[in-house]
Every structure is written in C-alpha cells, then in structure tokens.
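Computation of the quantities below employed the complete heavy-atom set of this structure, encompassing side-chain atoms and omitting hydrogens, waters and symmetry-equivalent molecules. Predicted model, so just to flag it, every value in this text is computed and none were measured. Residue indices begin at 1 and follow the sequence shown.
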Amino acid sequence: ILNRIRLGKKEFEKAPNLKLVLLTGTGFNHIDLVAAKEHRVSIANVAGYSTNSVSQLTMTFLLNELTKVEKLSQKVKENKWNELSVNMDNYYHVDTEDKILGILGYGNIGQKVAEYAKSFGMKVMVAKIPGREYTDNSDNRYDLDEVLEKCDIFSIHAPLTDLTKNLINLDRMKKMKKSAIILNLGRGPIINEEDLYYALKNNIIASAATDVMTTEPPKNDCKLLELDNFTVTPHLAWKSQKAQKWDTKTKTSGSGKVRTMTNWKYPQYTISTEFEVLTPAQYKELMGFYSKTKGGTVPFLWLDPEDNAE
C-alpha cells in the first residue's frame, strides 16, 4: 500500500512474491505499468474520490485569475485602498460570460470543471491529446492547437504519459492569446516549466496557476516562484474534507464509489481476462486492516482510464 513512491523494473525484480500494489491516490504515472505486467503485478488506485475537490480548486484558480482577489486584498492590507480606488482601471475584473475554457483531459474531473464553467456562462472546448485515438465520437473534441488559439483559459486535467509529457511547451504557448491563462491540476511535467517561465516573463501569456510542479516541492531557486503572474498551491487539490471521509454505510468516499475488485479487467495491461485478485471476503479483510492503520479514509478501486482523465 503506497503513494508517490516510484516502482519500476528494478523494484519489481527485488520483490518476486509481490502480486498487488494498492495506490492511495488516483495518479499512477510513478508506476511502470509495463514492468508491472511483465512481473504479473496488479495495480489498483483510488478513482473518483477527489473529483469535486479538484474541480473546486480549478474554479478557485480560474476566478482568482480573472478577479485578482488575492492581490487586491494584499494591497488593501498594505493601506493602498485609496490608490486602488483612484486607479481602478488597472484592477478591473474580467467577466466569465462568453469566455472560452479549453480543457485537456476530459475524465470525471474535466467533465465536472466543464459543468461548473458552463454555469458561469463560459463556453467549453475539449482538446484532443495528439497521438491518442478517440472512440467516443464527441462533437466537442478539437485539435489541441485550435483550442489553444481560441481559448481564454486553458485547464489541464490529464495524466502524465509519454503523450502528455512536455506537451505544453513554448511553441504551443505562443499560439495562445496574450491574455490567456493556464491552469494545471493534472501533473507538473505536462508543462515545460522553463518554457512557462519564459512565456510568463515575456508576456506571451497573461498568467498561470498550478497545484502541481515537475519537482515537488520546487527547489529554492525555481524561477517561477519569482513571478507575480504565477500562482501555486502545494499539490492539495485532492484534499478536501469530504474527499477524505469514508462512509461505511453508503460505501462512498467523497464522490467515489466502491467497485468489487474481483474479476475486474485490468485496463490496457490485462493480465488475463478474468484474473481474480481478491475474493469479497479478502477485500473486506483488507479494508478492515486499512481502516485500523490509516483511519479508513480511502477505498481501493481498480485503475480506470475514464476516471484518470485520459
């Protein structure tokens, strides 16, 4: 049972008896799934528990970037109320109405963010991940470059894969409006941070807000931390009170629902079509153990590409 600990070929070779790895979070980019398959190790994660929590922080970022509440409050605390009133034109709000939100990663979280954004009068464009095949025939999926060119805010909710690493680089940021805002609540390395620094420093885009970084915590000399138009929180989008509460009566955690681990097909890296990892009795015993050791805050669910915002 682990989280944020890297497991690759070397680690699996040292654990020949290992059969199952349970992740206490949703992301699984730190696990080598190919090596896991080769060593007949099943991987399970927690899916859906933080959908509302991450979506809420996304909208908090979005509204703060458009309204600058944090910066205005700080200036008032510095006794600059009159200065703000006289120079109000420099601190106007940007309306959400009719603004275009581009979304990369349209799983549970991406869809919830789209729902919230539409309630604020925004239009939504869902970006395709280049190189990925889509079978849902959605009319609302557009080429990434088209979304970048048209959107006012670009929100990232995709997992880190070979297709998404460094996907948002300087060339792509140059396609965006100078007034554009980037939000990242997926994984840090999806954005090339050196390119992001250059784009923010040189007003290629207006601002960025992120809950994730390539290196966590960021190094003391991280240049992004020097910028006024860069906002960062310490990878806590998932950590709402509700998301961490386990309801034994309804068998839900936050917005997530428990699914049986028996005979669940392992997506993309299926060991066998009907590979039984745990019987219901074993699952119940495991959950009892976990409840005693971890406070019973998180259920274990199988990896589901839809829940991981493909």
Side-chain angles (χ1 to χ4, degrees), residues 29 58-59 61-68 71 90 92-106 109-110 113-114 117 122-134 140-216 218-219 221-233 309-310:
N29 54 281
T58 302
M59 295 306 296
F61 277 162
L62 187 154
L63 294 173
N64 188 59
E65 291 302 308
L66 295 180
T67 311
K68 304 298 182 184
K71 292 180 180 178
N90 295 326
Y92 58 80
H93 308 328
V94 177
D95 297 302
T96 58
E97 190 77 23
D98 293 327
K99 287 292 184 287
I100 297 175
L101 174 66
I103 297 178
L104 181 75
Y106 203 56
I109 294 172
V113 169
M122 302 182 74
K123 300 175 182 177
V124 173
M125 295 179 71
V126 179
K128 296 178 182 177
I129 296 174
R132 187 181 186 278
E133 294 185 6
Y134 293 90
N140 197 36
R141 288 195 192 271
Y142 301 87
D143 288 340
L144 174 59
D145 288 348
E146 181 181 356
V147 174
L148 292 173
E149 290 169 3
K150 294 181 177 179
C151 73
D152 298 288
I153 301 98
F154 185 70
S155 193
I156 299 171
H157 304 283
L160 180 63
T161 67
D162 290 341
L163 294 178
T164 60
K165 187 175 183 180
N166 285 318
L167 182 61
I168 307 304
N169 54 27
L170 185 58
D171 287 341
R172 288 202 161 98
M173 284 183 263
K174 285 181 176 179
K175 298 178 184 293
M176 305 179 75
K177 301 174 183 178
K178 286 194 173 182
S179 59
I181 299 163
I182 293 178
L183 312 177
N184 188 5
L185 292 99
R187 284 294 182 267
I190 294 175
I191 300 179
N192 184 301
E193 288 186 355
E194 290 187 5
D195 289 357
L196 178 62
Y197 173 80
Y198 183 90
L200 292 172
K201 184 76 172 177
N202 293 281
N203 300 313
I204 292 172
I205 60 172
S207 63
T210 182
D211 186 54
V212 289
M213 300 285 287
T214 296
T215 300
E216 297 181 354
K219 296 180 180 179
D221 61 353
C222 176
K223 294 186 293 184
L224 282 168
L225 303 182
E226 302 169 0
L227 301 176
D228 290 335
N229 56 349
F230 177 72
T231 300
V232 59
T233 51
E310 21 70 54

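- When all heavy atoms of F230 and M213 are compared, the closest pair comes out as CZ-SD, 3.9 Å.
- The shortest side-chain heavy-atom distance between R141 and Y106 falls under the 4.5 Å cut-off.
- Within the 4.5 Å cutoff, side-chain heavy atoms of I205 are placed close to those of L196.
- Smallest separation of non-hydrogen atoms from A209 and E65: CB-OE2, 4.0 Å.
- Pairing each heavy atom of S155 with each of T58, the nearest pair is OG-CG2, 3.3 Å.
- Contact check for F61 versus I153: no side-chain heavy atoms found under the 4.5 Å cut-off.
- Side chain of N192 to main chain of N166: no donor-acceptor pair is present (N/O by atom type, distance under 3.5 Å, no hydrogens or angles).
- How far CE of M176 is from CD1 of I181: 9.0 Å, rounded to the nearest 0.5 Å.
- Separating the OG1 atom in T164 from the CG atom in L144 is a distance of 11.5 Å, to the nearest 0.5 Å.
- Between the CG atom in D152 and the CG atom in L66 there is a gap of 8.5 Å [rounded to 0.5 Å].
- The neighbour count for K123 NZ, taken as heavy atoms of other residues, nucleotides or ligands under 6.0 Å away, does not exceed 12.
- Put simply, the side chain of L227 reaches to within 4.5 Å of the side chain of K201, judged on heavy atoms.
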**OP:** Let me see the working for L101 and V113 under side-chain contact (heavy atoms from CB on, under 4.5 Å), right down to the final yes or no.
**Re:** CA-CA 9 Å; L101 174 66; V113 169; 3.8 Å; yes
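- Closest of all the heavy-atom pairs between L170 and A199 is CD1-CB, 4.3 Å.
- In this structure the side chain of L167 reaches within 4.5 angstrom of the side chain of P130, judged on heavy atoms.
- Between the side chain of N229 and the main chain of S207, no donor-acceptor pair closer than 3.5 Å is present.
- Taking each heavy atom of K177 and C151 in turn, the nearest pair found is CD-O, 3.8 Å.
- Of the possible donor and acceptor atoms, none in the side chain of T96 sits under 3.5 Å from a partner among the backbone N and O of M122.
- Side-chain contact check for I182 versus I191: some heavy-atom pair is nearer than 4.5 Å.
- When side chains are defined from C-beta on, I129 counts as touching L104, because their heavy atoms get closer than 4.5 Å.
- In this structure, I190 CD1 and N169 CG are separated by 13.0 Å, a value rounded to the nearest 0.5 Å.
- Not one N or O on the side chain of N64 forms a donor-acceptor pair closer than 3.5 Å with the backbone of T67.
- Looking only at side-chain heavy atoms (C-beta outward), Y197 and E226 come within less than 4.5 Å of each other.
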